[in-house]
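Every chain is numbered from 1 and lettered A, B, ... according to where its sequence line falls, protein lines coming before strand lines.
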Number of protein chains: 2
Amino acid sequence: MLSPEIEPSQSDDAARAGWLYYVAGMTQDQIARELGVSRQRAQRLVSRAMAEGLVHVRIEHPIAACLELEQALTDRYGLTRARVAPGLGAGADAVRAIAPAAAQELERFLAMSEPLVIALGTGRALRGMVDSLTGLDAPQHRLVSMIGNIAPDGSASFFDVIMRIADKVRAPHYPMPMPVISATREEFMAFTALGPIRQVRQLAERADVIFVGVGQMGDDAPLLADKFITRAELTALQKRGAIGEIAGWVFDAEGRYLESPDDTRLGGVRIDPRLPRPAIGVAAGASKVPAIRAALKAGILNGIVTDESSARAILAQG
Amino acid sequence: MLSPEIEPSQSDDAARAGWLYYVAGMTQDQIARELGVSRQRAQRLVSRAMAEGLVHVRIEHPIAACLELEQALTDRYGLTRARVAPGLGAGADAVRAIAPAAAQELERFLAMSEPLVIALGTGRALRGMVDSLTGLDAPQHRLVSMIGNIAPDGSASFFDVIMRIADKVRAPHYPMPMPVISATREEFMAFTALGPIRQVRQLAERADVIFVGVGQMGDDAPLLADKFITRAELTALQKRGAIGEIAGWVFDAEGRYLESPDDTRLGGVRIDPRLPRPAIGVAAGASKVPAIRAALKAGILNGIVTDESSARAILAQG
DNA sequence: GGGCGATATGAGTAATTGCTCGTCAGGCGA
DNA sequence: TCGCCTGACGAGCAATTACTCATATCGCCC
C-alpha cells in the first residue's frame with residue numbers, strides 16, 4: 001500500500017475517485033465526466049477504493065453512552081485507559097466496530113516523539129486495528145511481537161500484524177521467529193538459547209506499551225481452531241477452569257494463570273499482572289466477555305478497547 | 001463539539017447513525033430498525049451527522065500525480081514540506097480540497113510531545129483546516145495568533161481560527177487583541193505598548209511553527225473585501241506591484257515586501273524570509289497562484305499545502 | 001496462429017438514498 | 001385563548017447507486 005513506484009494508475013484512480021466521492025461529495029456521474037470514464041467504471045472505482053480500505057471514516061463525536069461505559073470500566077477495574085466504540089448491532093462483526101478505535105489508541109503512542117518499545121500480540125482484532133491505522137511515519141519506535149510467528153504446520157502465522165504495522169509506520173520491527181508452542185521443552189530451550197531470539201524476548205518483556213487480543217476458551221477456542229492445542233488438551237484446560245488466553249497464556253475466571261507443564265513450551269511472552277506500563281486489550285464479542293472480565297479483574301490488562309454491548313456485559317456481573 | 005455534558009441525545013443520535021452508516025456500512029433502513037425510528041428520521045440523522053462535520057473521511061493513499069507535484073515543489077523552492085491534495089474539479093471550492101491535508105500537517109506538529117509555540121494566521125483556508133482537525137488533546141503546545149483579531153468595525157474577526165483550534169486540542173491560546181490595521185500610528189503604538197500585547201507579539205515572533213493563509217491582491221482582494229483597506233489604497237498598492245499578502249503584509253511578484261508608511265500601523269506579525277523554522281502556507285485557487293509562487297520564491301513560506309491544479313500552475317512558470 | 005481462462009466493460013434493472021410537500025405539535029406573543 | 005411561527009415528521013417520488021448479466025478484450029499457453 002505504501003510501496004513507492006508500483007501501480008502507476010491501478011488503485012491510483014480508485015483513490016482519486018474515492019476522494020472525489022467521499023471528500024468532494026461529487027456524484028458518481030460527475031466523477032465519471034471528470035475522469036473521462038463511464039459511469040459504471042466510476043462506480044467500480046469508488047467501490048474499489050472502499051474495498052481496498054483506502055477510505056478511512058471516523059466519527060468525531062463522543063457518544064454519551066459510550067463515554068459512560070468507559071468511565072464505568074475505568075472506575076471498576078482501575079484502568080489507565082478504556083475505549084468503548086458504538087456497537088454495530090446484533091449480527092455484525094465486532095472487530096469492525098472496535099478496529100478504528102483501537103487504531104486511534106495505538107496512534108496516540110505512535111505519535112509520541114520519545115522512542116517507545118511497542119509490543120503486539122496477534123489475532124483478528126489486532127489485524128483489524130492495523131487495517132484501520134493511518135499511514136504515519138514513526139521510525140523512532142520499535143515494534144516487537146509478543147508471540148511466536150511459526151504455526152504448528154511451519155507456516156508463518158496468518159494474522160501477523162507486526163509486519164503490517166511496521167510497513168505502515170516505517171518503524172524497525174522484531175518478529176519472534178519461533179513456534180507459538182514448541183513441540184518439546186528441548187525445542188523451546190534450543191530456540192530461546194539463540195542470541196537474537198533471546199534479545200527479542202527481552203525487548204518484549206520490557207516493552208513500554210502492550211497491545212494484545214484476548215482469546216476465549218470455549219469449545220471453539222482460537223487456540224484449538226489454529227491447531228495450537230488438541231481437543232483433549234482444550235477439554236482438560238476447561239476442566240481446570242480455563243476461561244481465556246492472552247498471547248497463548250491461559251487463565252481462569254479470576255485471571256489467575258493456570259500453571260501447567262505445557263507452560264515451558266509456550267513461545268509467547270507472558271504479561272505479568274498489574275504492570276506499571278500500559279497493557280491494552282483489544283477485544284469484543286459476547287463469547288469473549290468472561291475472558292476480558294477476568295483479565296481486567298486480575299490486572300493482566302490495565303486498558304481495554306471494546307464495543308458497547310461487550311462493555312455492558314463485562315460490567316453486568318460483579 | 002467537545003463540550004462534556006450538553007446535548008444528551010441531540011447530535012448524539014446523529015453520531016450514532018453516522019457511525020452505523022459510514023463505519024458499519026448499514027443501510028439506512030437497517031439503521032432505522034436498529035434505532036427504532038422511521039427510515040426518514042434515520043436518513044435525516046445521517047445527513048445531519050455529515051452536515052455537522054461529525055464524519056471525517058480521509059483517503060489513505062498517496063496519489064502518484066500529487067506526489068510528483070510535491071517533489072517538484074520541494075525541489076524548485078527548497079521547501080521543508082509540500083503537500084498537494086487531489087483537485088476537486090473545475091467548479092469546486094479549493095478550500096474543501098486542501099482542508100483535510102492541511103489538518104493532517106498541523107496534526108503532525110500537534111502530535112509532538114515537546115511543547116511547541118504554534119502561530120496561526122486567519123482566513124478561509126485555515127478555517128477549513130480547523131474544521132477538518134481531529135479532536136486530539138495537545139495541551140503541551142501554545143497557540144498564538146499572527147494577526148490582530150479586531151476588525152475595522154470593531155467586531156472580532158469572522159474567521160478567527162485560534163479559538164476553534166484551542167477548543168479542539170485544549171491548548172492554551174493567545175489571540176492578539178488589537179486591530180488588524182490600527183487607525184493611526186499612535187493607536188498602534190498605544191496597543192503595542194501594553195505588556196500583554198507585547199508578550200503575545202514576542203511569542204508569535206519566536207514561534208516554532210507557522211501556519212498562514214495567502215491573500216491575493218487582485219481587484220477582489222480579501223483585504224478590500226474585509227474593509228481593511230480602501231479601493232484607492234488597493235489600486236495604489238497594485239500600481240506598486242502588489243501581488244499577494246500574508247498576515248496583512250503585502251509583497252510583490254518576487255516576494256519582496258512593499259515598504260510603505262502604512263506598515264507602521266499593521267497589527268500582524270511579519271514573517272521574515274527564509275526563517276529556519278517551518279512557515280507553512282495553506283492556499284489554493286487560480287487567483288492565488290502568483291501570490292503563492294512569490295511567497296515561495298522569496299522564502300516567506302518554506303512549506304505549502306495546496307491542490308493539484310494550483311500546484312501545476314505554480315510550477316508552470318519559472 | 002488459435003483456443004482458453006481471466007478480467008474488464010456497458011446496458012439494464014433493482015435497491016437505496018435524498019428531496020419536497022402537506023401535516024401537525026409545541027412555543028410564544030398579542 | 002387565539003393565531004402565528006418554527007421545527008419535526010412521514011409519505012411519496014425523483015435521483016443516485018449497486019448489482020447482474022451478456023459481451024468484449026487481453027494475456028497466455030499450446
Side-chain angles (χ1 to χ4, degrees), chain A residues 1 3 5-61 63-64 86 88-93 96-97, chain B residues 1 3 6-61 63-65 86 88-93 96-97:
Chain A
M1 182 181 289
S3 33
E5 306 288 14
I6 63 165
E7 297 182 304
S9 68
Q10 192 68 330
S11 66
D12 213 78
D13 281 345
R16 185 174 292 268
W19 168 273
L20 292 171
Y21 188 67
Y22 289 105
V23 181
M26 288 168 71
T27 172
Q28 297 181 352
D29 231 345
Q30 296 174 282
I31 296 172
R33 275 196 293 278
E34 180 77 24
L35 266 50
V37 299
S38 73
R39 192 185 67 76
Q40 289 82 349
R41 180 151 170 71
Q43 195 279 327
R44 285 191 173 101
L45 286 172
V46 171
S47 126
R48 172 131 63 120
M50 183 53 99
E52 289 185 8
L54 267 37
V55 181
H56 285 217
V57 181
R58 238 167 226 184
I59 304 295
E60 206 64 38
H61 183 89
I63 295 184
L88 254 50
D93 180 9
R96 289 272 305 280
Chain B
M1 182 181 287
S3 34
I6 64 166
E7 295 182 305
S9 68
Q10 192 68 326
S11 65
D12 213 80
D13 282 344
R16 185 173 293 268
W19 168 273
L20 291 171
Y21 188 67
Y22 290 105
V23 181
M26 289 168 71
T27 173
Q28 297 183 352
D29 233 344
Q30 296 174 282
I31 295 172
R33 275 196 294 278
E34 180 78 23
L35 267 49
V37 299
S38 72
R39 188 188 72 77
Q40 290 81 351
R41 180 153 170 70
Q43 196 278 327
R44 284 190 174 103
L45 286 172
V46 171
S47 131
R48 173 132 62 121
M50 183 54 97
E52 289 186 9
L54 268 37
V55 181
H56 285 218
V57 182
R58 237 166 227 189
I59 305 295
E60 206 63 38
H61 183 89
I63 296 184
L88 254 50
D93 180 10
R96 289 271 305 280

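When the salt bridge (Lys or Arg N to Asp or Glu O under 4.0 Å) test is applied to A:Arg44, no partner is found at least two apart in sequence or on another chain. With sequence neighbours left out, A:Arg96 forms a side chain to side chain contact (heavy atoms under 4.5 Å, CB included) with A:Leu88, A:Asp93.
Within the structure, every pair that satisfies the side-chain hydrogen bond (donor to acceptor under 3.5 Å, both in side chains) test and touches residues 16-26 of chain A, not counting sequence neighbours, is listed here: A:Arg16-B:Glu308.
A donor-acceptor pair is defined here as one N or O able to donate and one able to accept, closer than 3.5 Å; no such pair exists between the side chain of A:Thr27 and the backbone of A:Gln30.
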Give the intermediate values and the outcome of side-chain contact (heavy atoms from CB on, under 4.5 Å) for residues A:Leu54 and A:Met50.
CA-CA 6 Å; A:Leu54 267 37; A:Met50 183 53 99; over 6 Å; no

Going 5' to 3' along nucleotides 9-17 of chain C, which nucleotides have protein heavy atoms under 4.0 Å from the base (write B), which only from the sugar-phosphate (write S), and which from neither (write -)?
BBB----SB

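For the pair A:His56/B:Val57, no side-chain contact is recorded, criterion being any heavy-atom separation below 4.5 Å from C-beta on.
B:Arg48 places its CZ atom 15 Å from the P atom of C:dC19, with the value rounded to the nearest Å. Atom C1' of nucleotide D:dT17 and atom OH of B:Tyr22 are separated by 13 Å, given to the nearest angstrom. Atom CG of A:Leu45 and atom C1' of D:dT17 are 14 Å apart (whole Å). Straight-line distance from the CG atom of A:Leu20 to the C1' atom of D:dT16: 17 Å, rounded to whole Å.
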